[in-house]
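Both backbone and side-chain heavy atoms feed into the values below; hydrogens, waters and symmetry mates do not. The residues of the chain are indexed from 1 along the displayed sequence.
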Amino acid sequence: QVQLVESGGGLVQAGGSLRLSCAASGRAFSSYAMGWFRQAPGKGREFVAAISRSGGNTYYADSVKGRFTISRDNAKNTVYLQMNSLNPEGTAVYYCAAARSGSPYSHGLGYDYWGQGTQVTVSS
């Protein structure tokens with residue numbers, strides 16, 4: 001069992017930056033692939049980024065490529081999402097997720113554990 005707690009959300013102006021963190025409890029964090037998803041008001045959940053167990057491979061949605069960076073620190077049981085050049089379309093609740101399979105899926109069905117989410121609001 002893994003418990004995930006996101007933090008770092010907030011209100012930011014368009015063009016600004018935020019860094020989200022997701023702290024995982026339990027052992028074997030390094031055996032999980034990790035992902036970030038988001039859900040905007042009235043929309044479905046959307047893949048944002050994923051990272052392999054070692055951190056050596058990363059994957060991004062086209063909409064965030066070049067602006068967002070996913071990383072992890074296995075010694076701290078934490079995964080991060082650095083978000084730069086934010087725009088109002090980035091307003092959403094951001095969730096981190098862990099995949100027991102170790103595969104960094106781009107769809108939510110591949111993930112077994114989810115955090116409670118953190119709100120990001122980008123003002124224009």
Side-chain angles (χ1 to χ4, degrees):
Q1 188 79 13
V2 174
Q3 291 186 324
L4 305 172
V5 179
E6 301 95 335
S7 62
L11 174 64
V12 63
Q13 288 188 330
S17 299
L18 279 176
R19 187 195 196 201
L20 305 183
S21 299
C22 173
S25 66
R27 305 176 187 176
F29 173 74
S30 60
S31 70
Y32 294 89
M34 300 297 295
W36 284 97
F37 292 77
R38 65 187 180 188
Q39 187 164 17
K43 296 188 177 181
R45 184 173 56 195
E46 175 189 25
F47 169 74
V48 175
I51 189 166
S52 61
R53 289 175 290 185
S54 67
N57 294 295
T58 57
Y59 308 87
Y60 298 93
D62 289 342
S63 59
V64 307
K65 203 171 292 183
R67 299 186 297 119
F68 289 13
T69 302
I70 187 172
S71 61
R72 68 189 297 164
D73 186 338
N74 286 341
K76 295 183 178 180
N77 282 15
T78 302
V79 62
Y80 305 96
L81 185 68
Q82 177 67 44
M83 305 186 294
N84 298 329
S85 302
L86 283 161
N87 56 48
E89 289 70 34
T91 295
V93 177
Y94 284 72
Y95 300 90
C96 72
R100 284 182 302 188
S101 67
S103 296
Y105 298 105
S106 61
H107 57 80
L109 291 177
Y111 292 84
D112 304 283
Y113 304 105
W114 294 82
Q116 82 290 347
T118 185
Q119 176 70 47
V120 172
T121 302
V122 184
S123 63
S124 57

Subject >> Stepwise side-chain contact (heavy atoms from CB on, under 4.5 Å) test for V79 and I51 >> reply: CA-CA 9 Å; V79 62; I51 189 166; 4.2 Å; yes

**OP:** Give a yes or no on this: more than 12 heavy atoms of other residues, nucleotides or ligands lie within 6.0 Å of atom NZ of K65.
**Re:** yes

**OP:** Measure the SG-CD distance between C22 and E6 for me, rounded to the nearest 0.5 Å.
**Re:** 5.0 Å

**OP:** Count the heavy atoms of every other residue, nucleotide or ligand shown that sit under 6.0 Å from CD of Q116, and state whether that count exceeds 12.
**Re:** yes

**OP:** Looking only at non-hydrogen atoms, find the nearest pair between A50 and Y111 and report the distance.
**Re:** CB-OH, 3.5 Å

**OP:** Specify the closest pair of heavy atoms between A92 and R38, including all atoms of both residues, with the distance to one decimal.
**Re:** CB-CB, 3.8 Å

Original post:
Where do L18 and L86 come nearest, in terms of heavy atoms and distance?
Top reply: N-CD1, 4.0 Å

Original post:
Between N87 and R67, does a side-chain contact (heavy atoms from CB on, under 4.5 Å) hold up when you go through it step by step?
Top reply: CA-CA 10 Å; N87 56 48; R67 299 186 297 119; 3.8 Å; yes

Original post:
How many angstroms lie between CG in N77 and OG in S25, if you round to the nearest 0.5 Å?
Top reply: 8.5 Å

Subject >> Heavy-atom pair with the smallest gap, counting every atom of P104 and A33 >> reply: N-CB, 3.5 Å

Original post:
Can you tell me if S101 uses its side chain to pair, donor with acceptor, with the backbone of A99 under 3.5 Å?
Top reply: no

**OP:** Flag the pair F37 / W114 as yes when their ring centroid distance falls below 6.0 Å, and as no otherwise.
**Re:** yes

Subject >> same_hphob_cluster(L20, V2) at 4.5 Å side-chain heavy-atom cutoff >> reply: yes

**OP:** For the residue pair L81 and T69, establish whether any side-chain heavy-atom pair is separated by less than 4.5 Å.
**Re:** no

Original post:
Do the side chains of Y32 and I70 join up, straight or via other hydrophobic residues, at under 4.5 Å, putting them in one cluster?
Top reply: yes

Original post:
Cation-pi between R19 and Y80: NZ/CZ under 6.0 Å from ring centre and within 45° of the ring axis?
Top reply: yes

Original post:
Are any side-chain N or O atoms of S54 and backbone N or O atoms of G56, one a donor and one an acceptor, separated by less than 3.5 Å?
Top reply: yes

**OP:** Treat each ILVMFWY residue as a node, draw an edge where side-chain heavy atoms are under 4.5 Å apart, and state whether W36 and V64 are in one component.
**Re:** yes

Original post:
Would you say T91's side chain and V122's backbone share a donor-acceptor pair under 3.5 angstrom?
Top reply: yes

**OP:** Considering non-hydrogen atoms only, spot the tightest contact between V120 and M83 and give its length.
**Re:** CG2-CE, 3.9 Å

**OP:** With rounding to the nearest 0.5 Å, note down the distance linking OG in S71 to CD in Q82.
**Re:** 8.5 Å

**OP:** Compute both the distance and the angle, then confirm whether R72 meets the cation-pi test with F29: under 6.0 Å from the six-membered ring centre, within 45 degrees of the axis.
**Re:** yes

Subject >> Pair N84, S17: side-chain N/O donor-acceptor within cut-off below 3.5 Å >> reply: yes

Subject >> Residues in side chain to side chain donor-acceptor pair (under 3.5 Å) contact with R100, at least two apart in sequence or another chain >> reply: D112

**OP:** Would you indicate whether the side-chain heavy atoms of V93 and T118 approach each other to under 4.5 Å?
**Re:** no

Original post:
Can you tell if the side chain of F47 reaches within under 4.5 Å of the side chain of H107, non-hydrogen atoms only?
Top reply: no

Original post:
Roughly how far, to the nearest 0.5 Å, is CG of D73 from OG of S30?
Top reply: 11.5 Å

**OP:** Say whether M34 and F68 are linked into one hydrophobic cluster, either directly or through other cluster members, by side-chain heavy-atom distances under 4.5 angstrom.
**Re:** yes

Original post:
Is there a donor-acceptor pair closer than 3.5 Å between any side-chain N or O of Y94 and the backbone N or O of G90?
Top reply: yes

Subject >> Minimal non-hydrogen separation, A98 against L4, with atom names >> reply: N-CD1, 3.8 Å

**OP:** Can you measure from OG (S52) to CG (N57) and round to the nearest 0.5 angstrom?
**Re:** 4.5 Å

